Student: 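Take this structure first; my questions come after.
This structure is a prediction, so every number in the text was calculated from the model and none was measured.
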Amino acid sequence: MPWSLIGAGQAKRSLGGMIKRGRLPHAVLVTGPKGGGKKTFALDLARAVNCQNPDEDGSPCGVCLSCRKIEHGNHPDVSVLSPRGRGAHIPVELVRELRESLNFVPYEGNCKVSLILSAEALNTDSGGALLKTLEEPAPRTLIILTAVAPTMILGTLRSRCVNLKIPPLSRLDLSRVLKEKRGLRGPAAALLSGLSRGALGRAMEIDVHRAAALWGSLEKIFGESTRAGRLRAAGDLSRELAEEISQTIKEKTVAGEEDLFDIEIVDLFEAAVRLWFRDAGVLNATAAPALLEGPPPGESMIRFARTMSPAAAAAAEEAVTRLLDVLSRFIRADLAFQDFWLSVL
């Protein structure tokens with residue numbers, strides 16, 4: 001079968017060429033946006049190097065025993081290492097165990113493959129332990145790291161990897177996939193495309209009804225003609241969000257989950273606000289709706305864009321960053337949102 005990942009043609013061609021020439025590096029860094037398919041592509045690579053019947057372009061066949069074992073997560077020569085929870089580190093002990101496992105020859109595959117997901121979570125100790133492996137790689141081994149951006153991992157690790165970038169999907173491609181897989185089209189597909197910033201995995205996860213309701217709340221807030229009216233509408237939304245955040249944290253605490261602040265509505269609110277100000281800024285500068293990343297603009301965005309100050313988008317970006325930091329420290333969500341809206345409005 002072809003590569004599982006949609007798009008990323010350049011990365012696929014580069015990788016396929018390396019495999020066909022037998023010149024695959026011992027370490028690869030796969031970078032791209034959150035939900036953009038980095039893990040999918042890393043597993044594609046693990047399948048490709050161990051495939052018993054690869055296609056002419058170097059892609060895995062998908063049907064041989066090796067491909068099927070990797071797909072189901074039970075191949076003895078493929079391991080996955082990842083942090084647990086937001087803000088968690090990958091401990092040095094796990095990296096040392098990985099190093100030991102790579103010293104053994106492949107059990108049944110062509111190559112031993114270790115995936116290190118979210119390599120940003122490697123700290124100084126665990127990164128140092130991994131560096132020794134990258135400097136003196138064992139034969140027939142491949143280490144695949146994933147990260148949002150190359151600069152987010154230690155420079156000493158980055159310099160010893162071949163970087164394969166997974167770019168966001170184009171709006172056209174993402175809309176096509178959303179239509180095929182979720183039956184979405186028109187404004188709904190455009191909204192999810194904008195909120196996910198071209199990351200298919202993220203677009204597939206977003207609750208379209210919740211996203212539409214949140215976008216409608218922003219339209220209501222910015223559609224008010226006075227600052228007082230906007231603050232009242234923003235207060236209504238803030239209370240709803242604060243209650244949901246509080247309830248989610250309680251449920252996670254009872255369930256014993258480690259990552260208390262991995263909250264969907266927070267991520268969705270961040271994406272919606274950033275998209276609103278991005279598109280309003282584009283309208284303000286160009287008056288060209290075709291250049292927008294989100295849904296067709298309503299009257300409230302059009303009116304807001306006409307009077308938007310040049311500094312508004314930058315102020316919103318700063319306010320969003322501050323809001324996320326305050327919420328992550330479990331300071332009262334209602335107060336955090338109040339500060340946010342006072343800064344933005």
Student: Which distance, rounded to the nearest 0.5 Å, do you find between the NZ of Lys38 and the CZ of Phe41?
Tutor: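 CZ of Phe41 is found 12.5 Å from NZ of Lys38.
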
Student: Does one hydrophobic cluster hold both Ile263 and Leu237, with members joined at side-chain heavy-atom distances below 4.5 Å?
Tutor: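 Yes, same cluster.
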
Student: Are Arg96 and Glu100 ion-paired here, with the side-chain N under 4.0 Å from a carboxylate O?
Tutor: no

Student: For the pair Asp236 and Arg232, find out whether any cationic side-chain nitrogen is under 4.0 Å from an anionic carboxylate oxygen.
Tutor: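 Salt bridge: no.
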
Student: Does some side-chain heavy atom of Leu131 sit less than 4.5 Å from a side-chain heavy atom of Leu157?
Tutor: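 Leu157 reaches Leu131 side chain to side chain.
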
Student: By the side chain to side chain donor-acceptor pair (under 3.5 Å) test, which pairs, at least two apart or in different chains, include something from residues 202-226?
Tutor: Arg202-Glu264, Arg210-Glu244

Student: Hey, could you give me the CE/CG distance between Met152 and Leu29, rounded to the nearest 0.5 Å?
Tutor: 11.5 Å

Student: Can you check whether Cys61's main-chain N or O pairs, donor with acceptor, with Asp55's side chain at less than 3.5 Å?
Tutor: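 Such a contact is absent between Asp55 side chain and Cys61 backbone.
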
Student: If you apply the rule side chain to side chain contact (heavy atoms under 4.5 Å, CB included), what do you find for Ile144 with Val113, and how did you get there?
Tutor: CA-CA 7 Å; Ile144 309 172; Val113 182; 3.7 Å; yes

Student: Show your working on side chain to side chain contact (heavy atoms under 4.5 Å, CB included) between Arg322 and Phe340 and close with a plain yes or no.
Tutor: CA-CA 8 Å; Arg322 186 168 62 250; Phe340 169 81; over 6 Å; no

Student: Can you see which heavy atom on Ala305 is nearest to which on Leu283, and at what distance?
Tutor: CB-CB, 3.7 Å

Student: Donor-acceptor pair, distance only, cut-off 3.5 Å: does the side chain of Arg197 make one with the backbone of Ala271?
Tutor: no

Student: Would Leu342 and Phe304 show up in the same hydrophobic cluster when neighbours are defined by side-chain heavy atoms closer than 4.5 Å?
Tutor: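 Hydrophobic grouping puts Leu342 with Phe304.
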
Student: Relative to each other, are the rings of Phe337 and Phe269 parallel, tilted or perpendicular (30° and 60° limits)?
Tutor: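 Ring orientation of Phe337 relative to Phe269: perpendicular.
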
Student: To check you understand the geometry: which heavy-atom pair defines the closest contact between Arg68 and Val63, and what is its length?
Tutor: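 Minimum heavy-atom contact is NE-O, 2.9 Å.
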
Student: Step by step, would you call Gln247 with Glu243 a side chain to side chain donor-acceptor pair (under 3.5 Å)?
Tutor: CA-CA 6 Å; Gln247 182 61 34; Glu243 289 176 5; over 6 Å; no

Student: For Asp77 and Glu108, what are the C-alpha separation, side-chain angles and deciding distance, and is it a side chain to side chain contact (heavy atoms under 4.5 Å, CB included)?
Tutor: CA-CA 7 Å; Asp77 295 316; Glu108 64 178 52; 3.9 Å; yes

Student: Looking only at atom types and distance, does a side-chain atom of Asn50 sit under 3.5 Å from a main-chain N or O of Cys111, one as donor and one as acceptor?
Tutor: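 Looks like yes, one N/O pair under 3.5 Å.
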
Student: Looking at residues at least two apart in the chain, or sitting in another chain, which of them share a salt bridge (Lys or Arg N to Asp or Glu O under 4.0 Å) with Glu135?
Tutor: Arg160

Student: Is a donor on one side and an acceptor on the other found under 3.5 Å between the side chain of Ser126 and the backbone of Ile90?
Tutor: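 A pair under 3.5 Å: yes.
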
Student: Measure the shortest side-chain to side-chain distance between Glu251 and Val254 over non-hydrogen atoms and say whether it is less than 4.5 angstrom.
Tutor: no

Student: Could you give me the CA-CA distance, side-chain angles and deciding distance for Glu293 and Arg278, then say whether salt bridge (Lys or Arg N to Asp or Glu O under 4.0 Å) is met?
Tutor: CA-CA 8 Å; Glu293 292 185 353; Arg278 185 268 176 200; 3.6 Å; yes

Student: Report yes if the side chains of Met204 and Leu178 come closer than 4.5 Å at any heavy-atom pair, otherwise no.
Tutor: yes

Student: Just how far is it from atom CD of Glu240 to atom CD1 of Ile245, taken to the nearest 0.5 Å?
Tutor: 12.0 Å

Student: Any sub-3.5 Å donor-acceptor pair from Ser196's side-chain atoms to Leu192's backbone N or O?
Tutor: yes

Student: For side chain to side chain donor-acceptor pair (under 3.5 Å), just list the numbers for Ser82 and Ser118, CA-CA rounded to whole Å, side-chain angles, deciding distance to a tenth of an Å, and then say yes or no.
Tutor: CA-CA 6 Å; Ser82 62; Ser118 300; over 6 Å; no

Student: Starting at CG of Leu115, measure out to CD1 of Ile143 and round the result to the nearest 0.5 Å.
Tutor: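 Atom-to-atom, Leu115:CG and Ile143:CD1 are 10.5 Å apart.
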
Student: Of the non-hydrogen atoms in Cys67 and Arg47, which two are nearest, and what is the gap between them?
Tutor: O-CD, 3.8 Å

Student: Can you tell if the side chain of Leu191 reaches within under 4.5 Å of the side chain of Leu184, non-hydrogen atoms only?
Tutor: no

Student: Taking Gly294's backbone N and O only, do any of them form a donor-acceptor pair with Asp279's side chain (distance below 3.5 Å, no angle check)?
Tutor: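 Judged by distance alone, yes, a pair lies under 3.5 Å.
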
Student: Nearest heavy-atom pair of Leu65 and Gln52: which atoms, and what distance?
Tutor: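 Scanning both residues, the minimum pair turns out to be N-OE1, 3.8 Å.
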
Student: Taking the side chain as everything from C-beta on, heavy atoms only, tell me whether Ser300 gets closer than 4.5 Å to Trp276.
Tutor: yes

Student: Are Met301 and Val273 connected in the hydrophobic side-chain network, where two residues link if heavy atoms are under 4.5 Å apart?
Tutor: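 Same cluster: Met301 reaches Val273 through Ile, Leu, Val, Met, Phe, Trp or Tyr contacts under 4.5 Å.
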
Student: Would you check if Leu324 and Ser328 make a side-chain contact, meaning some heavy-atom pair closer than 4.5 Å?
Tutor: no

Student: Do Leu195 and Leu169 share a hydrophobic cluster, counting only Ile, Leu, Val, Met, Phe, Trp and Tyr and linking them when any side-chain heavy atoms are less than 4.5 Å apart?
Tutor: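 Leu195 and Leu169: one cluster.
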
Student: Under 4.5 Å between any side-chain heavy atoms of Val208 and Arg182, yes or no?
Tutor: yes

Student: Is Met308 reachable from Leu231 through a run of I, L, V, M, F, W or Y residues, each pair having side-chain heavy atoms under 4.5 Å apart?
Tutor: yes

Student: Would you confirm whether Arg303, through its side chain, and Gly223, through its main-chain N or O, come within 3.5 Å as a donor-acceptor pair?
Tutor: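 A pair under 3.5 Å: yes.
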
Student: Rounded to the nearest 0.5 Å, what separation is found between the CG atom of Leu117 and the CG atom of Leu81?
Tutor: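 If we round to the nearest 0.5 Å, Leu117:CG and Leu81:CG are 8.0 Å apart.
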
Student: Do you know the tightest heavy-atom contact between Leu154 and Gly127?
Tutor: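 Minimum heavy-atom contact is CD1-CA, 3.8 Å.
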
Student: Can you give the donor-acceptor pairs under 3.5 Å from side chains of residues 313-321 to other protein atoms, not counting sequence neighbours?
Tutor:
from, atom 1, to, atom 2, distance (Å)
Glu317, OE1, Arg274, NH1, 2.1
Glu317, OE2, Arg274, NH1, 3.3
Thr321, OG1, Glu317, O, 3.0

Student: Please step through side chain to side chain contact (heavy atoms under 4.5 Å, CB included) for the pair Leu241 and Ile265, ending with a clear verdict.
Tutor: CA-CA 7 Å; Leu241 296 177; Ile265 193 60; 3.4 Å; yes

Student: With a 4.5 Å limit on heavy-atom distance, are the side chains of Leu345 and Ile221 in contact?
Tutor: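 Touching, per the 4.5 Å side-chain cut-off.
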
Student: How many angstroms lie between CD1 in Ile153 and OG1 in Thr31, if you round to the nearest 0.5 Å?
Tutor: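 One gets 9.0 Å once the value is rounded to the nearest 0.5 Å.
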
Student: Within the distance-only criterion (no hydrogens, no angle test), does the side chain of Arg306 pair as donor or acceptor with the backbone N or O of Asn284 below 3.5 angstrom?
Tutor: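 No: the side chain of Arg306 does not pair with the backbone of Asn284.
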
Student: If you look at every heavy atom in Ala46 and Val49, which pair is closest and at what distance?
Tutor: O-CG2, 3.4 Å

